[in-house]
Amino acid sequence: MTLTKPQHILVVEDEEKIANVLLEYLRGTGFEATHLDRGDTVVAWVAEHAPDLIILDLMLPGQDGLGVCSELRKTSIVPIIMVTARTEEIDRLLGLQLGADDYICKPFSPREVVARVQAILRRVQMISASVGNTETTRYRGLHIKTENFQALVQGTDLDLTPVEFRMLALLAEVPGRVYSRRQLMETIYEDRRVVSDRAVDSHIKNLRKKLRQGFGTEEVIHSIYGVGYKFE
Ligand code: CA
């Protein structure tokens, strides 16, 4: 895996002094860092910029960290470090099962925060490496996230099975390219056990049905008679 650009950390913090210290440390460590000072701008920003990790303060104007975290988790597995002002709060937050990856209490040392950021990103990279390509594919509102086998259309999770996911990931990788049934079979069944053309067709049929949740009646997987399928 090659890292061609620095990893991007979003800091959501309404106390400017704290935010500035964090940004300075993150940038000094080689990260790209962006600061937002309100909760209600986070979800839209994340959808557009896909940061690698979020440091999220609990008490924020607009929308609090709890609301932001649970809304983000509907569409994203981006690592989140939640920042609270009181140690006792951490127990309560853990109990809520918000899906944050780590919790840090104020006052904190920025060095410690950066160390935690690095630890989480290392963990995420190890997981990603084990399933292959970490790149996400975006095409016509379709967002394929290989790291968690998720396909989204305009933010809606299509809820694909692993086989459907692998098929769509292949088709969407090069839009317009035609893949034969054999190629699709070989990609979806890693052990290359024998499957019939009909099995591929039936997966395609289910996949099309699920894609309609996002694309409506417009067909995005096209059959090419006698050859196979393409995504466009
Ligand atoms: Ca705050």
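Values below: all heavy atoms of this structure, side chains included; hydrogens, waters and symmetry mates excluded. When a ligand or atom number is given, it counts from 1 through the structure's own listing order.
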At a cut-off of 3.0 Å, what protein N/O/S atoms sit near the Ca ion (ligand 1)? D14 OD1, D57 OD2, M59 O

Does a side chain donor of either Y25 or N20 reach within less than 3.5 Å of an acceptor in the other side chain? no

Exercise: do S223 and R208 side chains pair donor with acceptor under 3.5 Å: yes

Less than 4.5 Å apart, any side-chain heavy atom of V42 and any of V12? yes

Proximity of H35 and W45 rings by center, below 6.0 Å: no

Holding to side chain to side chain contact (heavy atoms under 4.5 Å, CB included), I want the full list of residues that pass it with T84, two or more places apart in sequence or in another chain. L58, E89, I90, L93, C105

Between the side chains of D157 and K74, is the shortest nitrogen-to-carboxylate-oxygen separation below 4.0 Å, so that they form an ion pair? no

